[in-house]
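Here is how names work: the chains are called A, B, and so on, in the same order as the sequence lines, proteins then strands, and each is numbered from 1.
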Amino acid sequence: MSAKEPETMTLETFTQGLWKDNPVFVMLLGLCPALAVTNSALNALAMGLATTFVLICSGLLVSLLRNVIPKQVRIASYIIIIATFVTMADYGIKAISLELYKALGAFIQLIVVNCIILGRAEAYASKQKPLKSMINGAGMGLGFTLALLSLGVVREILGSGTVFGMQVMPDRFQTWSVFVLPPGGFFVLACWLMLFTWIRERKSKQEAI
Amino acid sequence: MDPNSPTFIFLNAFLINNFVLAMFLGLCPFLGVSGKIKTAGNMGMAVTFVMLVSSICAFGLNVLLTRFDLEFLKLISYIAVIASAVQLVEMTVKRFSPALFRALGIFLPLITTNCAILGLALFQTAREYTFVQSLAFALGAGAGFTLALLLMAGLREKLDLADVPSVARGAALSLMIAGLLSLAFMGFAGLGG
């Protein structure tokens, strides 16, 4: 994926964001929304999709304008482009479901300052062709959504005994309400990170043998 | 206590709904610059200053935008104001303390994308705070951010000497500590009365 071969488009363009460079679990970007809105699976999914929408659209526009924007003001221009799409997503969600809009609160508008999007615009979309940046943005967004879901599902099961509002735990299950409260977010993410480090360590040990 | 009094708003943003530990705003610098107590303190002050400036600007902007019915431009104009405020702080720090400028490194310009600051501007608009209330809110949020950063830095300085299993080293451990701190801060909820 070096700058020497900008023409080739492989499956890697898409899958990069899913596992190898997963924005949340590997690069530790975009943690604020990842922890703040994942107290239920539905919120996590909505947030992930909104972010994916902004990633794809801003990737396309930044890539189209990559030869027009002067280098000195590029960050400011990227932020304006991103803010435009976030405003669209914000009004969109408000129109679709007011309840969801209230649950997510200011965090939809805070997508503007999500480092994943600015990072993609600066490191990828500003150097690549439009279609390719869109596909890469979709992959990154999907990776982000997956990470959010894996946090949201665990927190919802442990904290309320449900998944997407449907009860999955037996009635006798005592809910751990701490998991839907802020500390639970930190704990669940820490556990996922430890799991991934463990898998990676085991893999490298096996390769050594 | 009257929930609209500036004192309560200050306490609320400072302890009860701490920006970092209860609302998950500004986590990147919280995990990134919390290695040493001194840097953490300076970073906290820089963020508090930017918060104050952008809070005042956001208040003025909101009055203007509401007057001309341009509320959909809120997000774009806020982020532009914050970016300029950060630029100002960056130039000041570079001029008066080059050592601090180097210590903060990339995290100084990154204050622009610190969600705590945009979050502050958005929350104060959403809650329709008056000018004095906004100031108290900004001060409380800044103080809360600094406190969280200092606590974290103190703990991490001690942890450097601890023997931690290799799986948990790094980000996972920091998050665990943040979780425990957050749990402790939930005790402040009683302050609201």
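More than 12 non-hydrogen atoms from other residues, nucleotides or ligands lie less than 6.0 angstrom from CZ of F10(B).
Evaluation of the side-chain contact (heavy atoms from CB on, under 4.5 Å) rule for A85(B) yields V50(B), V53(B) as partners, not counting sequence neighbours. The side-chain contact (heavy atoms from CB on, under 4.5 Å) search around L70(B) returns L65(B), F68(B), F72(B), L73(B), not counting sequence neighbours. Residues satisfying the side-chain contact (heavy atoms from CB on, under 4.5 Å) criterion with L60(A), sequence neighbours excluded, are L64(A), P130(A), M134(A).
Taking the side chain as every heavy atom from C-beta outward, M176(B) and F187(A) approach each other to under 4.5 Å. Between V113(A) and I79(B) the shortest side-chain heavy-atom distance falls below 4.5 Å.
Heavy atoms of L181(A) lying under 4.5 Å from chain B belong exclusively to its side chain. In this structure, no portion of I82(B) lies under 4.5 Å from any heavy atom of chain A. Contacts between F196(A) and chain B at a heavy-atom distance below 4.5 Å are absent for every atom of the residue. Proximity to chain B involves both the backbone and the side chain of L31(A), based on heavy atoms less than 4.5 angstrom apart. When heavy atoms are compared at a cutoff of 4.5 Å, L118(B) approaches chain A by way of both its backbone and its side chain. At a 4.5 Å heavy-atom cutoff, A83(B) makes no contact with chain A through either its backbone or its side chain. Neither the backbone nor the side chain of A126(B) comes within contact range of chain A; no heavy atoms are under 4.5 Å apart. Contact annotation for M186(B): only side-chain heavy atoms (C-beta onward) come within less than 4.5 Å of a heavy atom of chain A.
Chain B forms the most heavy-atom pairs under 4.5 Å with one residue out of G185(A), A34(A), A83(A), A36(A), and that residue is A36(A). When the candidates L31(B), L122(B), L21(B), I177(B) are compared by the number of heavy-atom contacts under 4.5 Å with chain A, L122(B) comes out ahead. No other option in V20(B), L181(B), I117(B), L183(B) has as many heavy-atom pairs under 4.5 Å with chain A as L183(B).
The minimum heavy-atom distance between G119(B) and L110(A), with the atom names listed, is N-CD2, 3.6 Å. Of all heavy-atom pairs spanning F186(A) and G179(B), the tightest one is CB-CA, 3.5 Å.
The side-chain contact (heavy atoms from CB on, under 4.5 Å) test with L75(B) is passed by exactly one of I82(A), I80(A), V86(A): V86(A).
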Would you enumerate the inter-chain donor-acceptor pairs between chain B and chain A whose distance is below 3.5 Å?
residue : atom : partner : partner atom : Å
S166(B) : OG   : E201(A) : OE1          : 3.4
S166(B) : OG   : E201(A) : OE2          : 3.2

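Here the straight-line distance linking atom CG of L25(B) with atom CG of L35(A) works out to 11.0 Å at 0.5 Å rounding. Atom CG of L27(B) and atom SG of C32(A) lie 4.5 Å apart (nearest 0.5 Å).
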